[in-house]
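Below: one structure, written as structure tokens.
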Amino acid sequence: MAIRGESIAIFSRRIGVNYSLMTEYLNNKKHPSPPTAKKIAKGLDKEIKDIFFYLNVC
């Protein structure tokens with residue numbers, strides 16, 4: 001976000017994620033669901049695996 005010059009509010013609005021939740025994700029207070037993680041990654045022009053770490057539990 002910083003590289004693009006976007007605030008958290010602008011970024012969250014652009015990708016359709018609630019601002020309050022976005023700040024909780026950024027502060028590691030909550031973890032996004034897979035669909036929300038995909039929105040965040042797409043908004044940053046990245047792959048989910050480049051940003052988030054998920055355990056594959058079988």
For residues 36-49, which side-chain donor-acceptor pairs fall under 3.5 Å, sequence neighbours excluded?
from: Thr36; atom 1: OG1; to: Ser33; atom 2: OG; distance (Å): 3.1
from: Lys39; atom 1: NZ; to: Gly16; atom 2: O; distance (Å): 3.4
from: Asp45; atom 1: OD2; to: Arg4; atom 2: NH2; distance (Å): 2.6

Discussion item. Within the structure provided, determine whether Pro34 and Phe52 are in side-chain contact (heavy-atom separation under 4.5 Å).
Written reply: no
Discussion item. Can you pull out every salt bridge (Lys or Arg N to Asp or Glu O under 4.0 Å) where at least one residue sits in residues 14-31? Sequence neighbours excluded, please.
Written reply: Glu6-Arg14, Glu24-Lys30
Worksheet item: With the 4.5 Å side-chain cut-off for hydrophobic clustering, are Tyr25 and Ile51 part of the same group?
Response: yes
Worksheet item: Got a sec, which residues hit side-chain contact (heavy atoms from CB on, under 4.5 Å) with Leu26, two or more places apart in sequence or on another chain?
Response: Met1, Ile8, Met22
